[in-house]
Amino acid sequence: MMFGVATAAILVGMMLALVRAFAGPTLYDRVLAASSFGTKTVILIGLMGYLNGRPDFLDIAVLYALLNFASTIAILKFFRHRTLSVSLDRPGTDAPIFEERDTA
Amino acid sequence: MSIEHLILRVVIKIMFAPILLFALYVQFHGDFGPGGGFQAGVIFAVAFILHALIMGLEETKRVLPVGALKILMVVGFLFYAGTGVATMLLGGNLLGYDAIDPASTHHAGQHWGILLVEFGVGMAVSSTMVMIFYQFAGREPEIRDEDW
Amino acid sequence: MSLAAQLPVLPIIIPLVAAPLTILMPTDKFGGRIACIWATLVSWAVFGACVAILYSVATVGPISYHLGDWAPPVGIEYRIDLANALVLTLVSGVAALVFPYSYVSIRSEINLRQISLFYAALLISMTGLLGVTITGDAFNVFVFLEISSLSSYALVAMGAKKDRRALTAAFNYLVMGTIGATFFVIGLGLLYQATGTLNMADLKIQLAGESNRMIEAGFAFVLVGMGLKAAMFPMHLWMPNAYAYAPSAVSAFIAATSTKVAVYVIIRFIYTVIGPDFPFIEAAFNYLLMPLAIAGMFFASIVAIFQDDVKRMLAYSSVGQIGYMLLGVSFATEQGLTASLVHLFNHGLIKGALFMAAGCVMLRVGSHSISAYAGLARRMPATAAAFIIAGLSLVGVPLTVGFISKWQLLAAAFDSGRAWAGFLVVASSLLSVIYVGRVIEVMILRPAPAGATAVKEAPLSMIIPMALLVAANIYFGLHTELTVDLAERAAHTLMGGGR
Amino acid sequence: MISLDLIRDILSWALFLTGGAAVVTGAIGIVRFPDFYTRLHAAGITDTAGAELLLLGMMLQAPSWLVVAKLVFVGFFLFMTSPVSTHAIAHAAWVVGLRPMLGSDLKREGDAQ
Amino acid sequence: MDALLANGEILIDLALLTMLVSVAFVMVRSRHLFVIVMLSGIYSLLSAAFFVSLDAVDVAFTEAAVGAGVSTVLMLGAMLLTVRREKPTRTGRTPVAILVVTLVGSALIYATFDMPPYGDGASPANSYMGEVYIDRAAKEIAVPNVVTAVLASYRGFDTLGETMVIFTAGLGVILLLGAGSVRGGKAVKDKPDGETPS
Amino acid sequence: MVRTTVLALALAGLWLLLSGYFDNSLLLGFGAASVALCVFLAHRAGVLDDEGVPTGLMPRVFGYWFWLFIEIGKANIVVARQALAIEPKLSPKLLKIVSPTRTNAGLATFANSITLTPGTVTVDLEPGYMVVHALTEALADEAAIDDMGRRVAALERRDNSGGGER
């Protein structure tokens, strides 16, 4: 029962995140929603292991926890350099926009 | 080294070895739980893909050269096919693992056969995945600024 | 290990082990020569094994080989009767000729650094086609279908060095091929859900007498999926471009084998898995397969007439020829099936020879547009002769294999009381006279263009495999005991009769 | 031992309820907040409080220590990677020039007054 | 209580399926490749969760490994070689596409009428070979995970074929994109600091 | 050498806890081989430095995490209130924080801690300072952030053995 409640909460959260992923408006909002969606999936899979009575199959959750950020990083790289090959330690294509107007 | 991506770099360095170990765990526990060679191979490859994303493709190619990957692809597949051929030479049919240890009463041959072929799958899949990533990432992007 | 006992699996395991090794072969210094020789030797070994299998099946009877020593339906079974053995021999035979043929031609068509990779892909493609043919397990068909398809996509795309349109062609091929494979596997899923087994023979036992919507839909999906792969008439759109822009050796190999294997799978599913007496089969034959086959025969032949590109013309002609094969199947008689199998085999020989000739022209003249063939009879006599003989065989002139298969088809049509179908076959053959005649006319009568550089005959390494295929065209046109008799027996077995 | 089980159940209930509430709250924030940078903070609630509380609740219900260990790994890896993802996204947006709305009137730099 | 639990599972499945369908729908509607790539990441997360809910742990595991790890990265890699926005397709083909989709959809729905109920132990798929595998694997193969036993031993040859498929895919990518490939592009050389890749 | 040992031990522990088969000698053997392979590859990939295996931070880091959990909890409540408020009173602010840490691992830990705490996100790292986005005026408490930085800096071993020193 308690797992059911938690699962319901996660599912509601997933749907809300999905709304943000669909709505945008910027690409970053979508990426953020996707990343948050990933975290929720990790938990959901863990909870469903309990619901199915097989909590020892948490390996999938461990796997997502380990790897879920891979795509986010690829996306970052994609924006910064528009290539996947260069080291992130090199300056990107954009000139640094950040100037001395950091503090409001 | 710039510090711009320091957070990413530090975390990747910390996560690199655990991801590899998790891949190997999945590889060797395919008999007991979910997983097996294919999944392990993919996870193993992701560790290197992450490495390449953060440290740069050249650096990863130094760690895992393209030539070595090619050989690993072939060796991985031949591990599988070779197990099959070996069982043929031992008097069974192709992939008839019982021929590995015909005397065993608890089918040790099956266990060994499965371990061997899963290992082959893992090796072939991981090297192929990294190879595909190399090929995609190693190209001059054709996306133009006006398209962006 | 007893070689005889392991014989059935040899045609698969030999190239399966050899192909990965091929990509490790050096290319820089030898320009891929080692890879070519290695692949040729492998294909010859495979051909030898296939002939041995054919001999064994013809003399002893069907072979059943249990992979992993698991008896079917638990494990995967290789079940070889005459029908597979015949297709196996065709595929491996064509391969054994295409590999030496490609030795020279491929070097002019792709980058030298890629040659060993190319041969690996070609070997894998061959393995896939052989694997589809040899197996008695429905899912195993899908796995090997994927192997052959994936490698074919890459192989077709290799034509891009000559013509960038090969990439688009390969992409279309990939999309349609993937849809086909997906349909096929959906169909298998439905059949599995209805029966719980994947072994073809066992499927038939489990399906016996039962019919429900799952089985109908599953069978329809399998048929549409394989129809896509076979370039059955309304689903042929991927094929002309794929054949036209692929490297010549690839066109020759794929055109001669891949669609035939798909047709074979259709036959196999209709007769071995579902069974011809299944309630909805007759309707499917009469209202679906036959009209489509006839439409394909005419539509594709008419389109072929208007092609300026010889390879594309040959591809459209293939669509029409697939129509003949399916027409034979749709008669639902033993004779019709015989005709299909004979034509399947013969058409492989014909198209292989024609595409090889087109490849020779490509190598020397550098184009496969019809104008490039002008005056070829004098400039490249051997190639021209090969093209003419194979072309006549395509039309169905007596003394060639084309005649044999048309004759069988006609006999089957009249025998099953469908004389009109026989007339349609003759009529569409007349269309093929037009498109083949066009090329022959250009070759013989039209003088070479004035500014054309002198071209020499294609090298012997290409002429000999081509000549062998042409010789097979004539040999099997004269000696029908091998093809027709075996096909009759195969059809008899497929229709459910004893050996 | 019944009392111990009861305590355990009550604790997990509490953890699940607060965790679930945190997840939903974070998700609501992701939908409601006005710009990308503020949404980052809302996502943070899900990633930290929501995830870790639910994991703690699951740990209390775990049938064996190995399951606990795996849950700890999940928690630990999320703890390591979620700020990295968040930072990566924020930084990507920052670098291409997406500027946050600032101040209580939520004005974006360069906005027309 | 049992009924409630069963209903609860169905509710979870329903929620997941609803999300799957909506993601798929938005993916089809979107013309922005980047959005599609990202949504496909979400799609694979959802399907992995759905597989867990169906108790198909091995499938879920595979989906997780591929979906979380490589697929998005590889799709981004492929996207780099193209443009960001899909070119508007000619609208002339739409009726054919709709016809095909309708036909396929109705064929699938037609098939479902005779399908055994979800989770039916007596359905052929569960009772025939499925049961045989479960029975025999314990006796014949010294491996507790039946899925592994089927994949690697009973149907080991299929898995050999699948490994070949992966190998072939890698080979195909090398042929198309690798050194000396037909695309004619040059591989990126890591340029010294300061220079920007164009 | 120390780092190699630490990593190997950590990985061995990870393996045992994941696997749960403590008495299967075959699996233990595979485990040993796997750990060896991972350490070798980690060494080859160049992650065995102060950033990858921050031995300098390790001994005291658990206490810090405990403190951090409490901070995260407190911040969560603040942000959650805003998310649920009928009319959220947001006043986002950008802060320029100078990190007191000396090592890269320490800096990363500090930046991650800021991001982990809801209400503040590190959006950019520049030489010498970092840019932090805060959700409200109350959360943009530079003193609190500086306090966190001092705690992270305190984790760094005084006798840092090279590697990763900025």
Side-chain angles (χ1 to χ4, degrees), chain C residues 16 19-20 23 67-68 70 73-76 110-114 117-118 120-121 124-125 127-128 131 135 137 139-140 142-144 146-147 150-151 153-155 157-161 164 166-167 170 183 186 190 192-198 202 206 212-218 220-221 224, chain E residues 93 96 100 103-116 120 122-133 135-137 140-141 149-150 152-184:
Chain C
L16 217 47
I23 74 168
L67 287 148
W70 299 114
V74 170
I76 295 169
I110 68 172
N111 209 312
L112 281 185
R113 291 176 68 182
Q114 291 190 297
L117 297 176
F118 169 85
I124 291 171
S125 177
T127 318
T135 186
D137 188 279
F139 191 76
N140 204 235
F142 172 72
V143 172
F144 278 84
E146 281 293 279
I147 294 179
L150 272 179
S151 48
Y153 307 147
L155 286 171
M158 297 312 297
K161 196 193 167 198
R164 300 281 289 181
L167 291 176
F183 271 49
I186 290 176
L190 289 171
Y192 180 79
Q193 201 168 22
T195 60
T197 184
L198 287 169
D202 196 37
Q206 301 297 324
N212 63 34
R213 293 166 177 181
M214 252 195 302
I215 299 173
E216 288 168 30
F221 272 108
V224 172
Chain E
R93 288 205 185 150
V96 181
V100 170
L103 273 178
V104 173
S106 36
L108 282 172
I109 292 169
Y110 178 74
T112 54
F113 286 121
D114 279 342
M115 276 187 189
D120 179 12
S123 70
N126 285 332
S127 62
Y128 184 42
M129 287 314 297
E131 214 167 279
V132 173
Y133 283 133
D135 282 351
R136 289 182 55 173
E140 292 173 342
I141 297 176
V150 173
S153 188
Y154 289 122
R155 300 192 67 89
F157 189 65
D158 273 348
T159 311
L160 177 67
E162 295 293 358
T163 316
M164 194 72 210
V165 170
I166 309 244
F167 183 89
T168 313
L171 179 65
V173 172
I174 305 175
L175 270 172
L176 287 175
L177 297 175
S181 72
V182 286
R183 280 187 63 100

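Chain naming here is simple, since letters A, B, ... match the order of the sequence lines and numbering starts at 1 in each. A quick note: this is a predicted structure, and the numbers were derived from the prediction, not measured.
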**Q.** Engaged part of C:Leu155 at the chain E interface, taking heavy atoms whose separation is under 4.5 Å
**A.** neither
Q) Is it the side chain or the backbone of C:Ile147 that comes within 4.5 Å of chain E heavy atoms, both, or neither? A) both
**Q.** Atom group of C:Ala121 that falls short of 4.5 Å from chain E, counting heavy atoms
**A.** both
Q) When rounded to the nearest 0.5 angstrom, what distance separates CG in C:Asn140 from CG in E:Asp158? A) 4.5 Å
Q) Of all of C:Thr127, C:Ile23, C:Leu150, which one pairs up most often with chain E through heavy atoms under 4.5 Å apart? A) C:Leu150
Q. Mind checking whether C:Phe142 and C:Leu198 have side chains closer than 4.5 Å, heavy atoms only?
A. no
Q. Is it true that a side-chain atom of E:Ser106 and a backbone atom of E:Leu103 form a donor plus acceptor pair closer than 3.5 Å?
A. yes
**Q.** Option among C:Phe144, C:Phe139, C:Trp70 that satisfies the ring-ring contact (aromatic ring centres under 6.0 Å, His included) test with E:Phe157
**A.** C:Phe144
Q. Hey, mind stepping through C:Leu16 and E:Leu160 against side chain to side chain contact (heavy atoms under 4.5 Å, CB included) and telling me if it holds?
A. CA-CA 10 Å; C:Leu16 217 47; E:Leu160 177 67; 3.8 Å; yes
Q) Do you know which of C:Ala19, C:Ala217, C:Pro20, C:Gly218 has the most heavy-atom pairs under 4.5 Å to chain E? A) C:Pro20
Q) Looking at side-chain heavy atoms only, is the closest gap between E:Phe167 and C:Ile124 below 4.5 Å? A) yes
Q: Under 4.5 Å heavy-atom distance to chain E, tell me which part of C:Ile76 shows up: side chain, backbone, both or neither.
A: both
**Q.** Nearest heavy-atom neighbours spanning C:Glu146 and E:Val165
**A.** CB-CG2, 3.9 Å
Q. Where on C:Phe183 is there a heavy atom nearer than 4.5 Å to chain E: the side chain, the backbone, both, or neither?
A. side chain
Q) Where does E:Val104 contact chain C at under 4.5 Å (heavy atoms): side chain, backbone, both or neither? A) both
(Q) If we define contacts as heavy-atom pairs under 4.5 Å, which of E:Val132, E:Asn126, E:Leu108 has the most with chain C? (A) E:Leu108
Q: State the OG1-CD1 distance between C:Thr195 and C:Ile215, to the nearest 0.5 angstrom.
A: 7.5 Å
(Q) For E:Ser153, which atoms come within 4.5 Å of any heavy atom of chain C: side chain, backbone, both, or neither? (A) both
Q.
Counting only non-hydrogen atoms closer than 4.5 Å, does C:Leu190 touch chain E with its backbone (N, CA, C, O), its side chain (CB onward), both, or neither?
A. side chain
Q) What part of C:Tyr192 lies closer than 4.5 angstrom to a heavy atom of chain E: side chain, backbone, both or neither? A) both
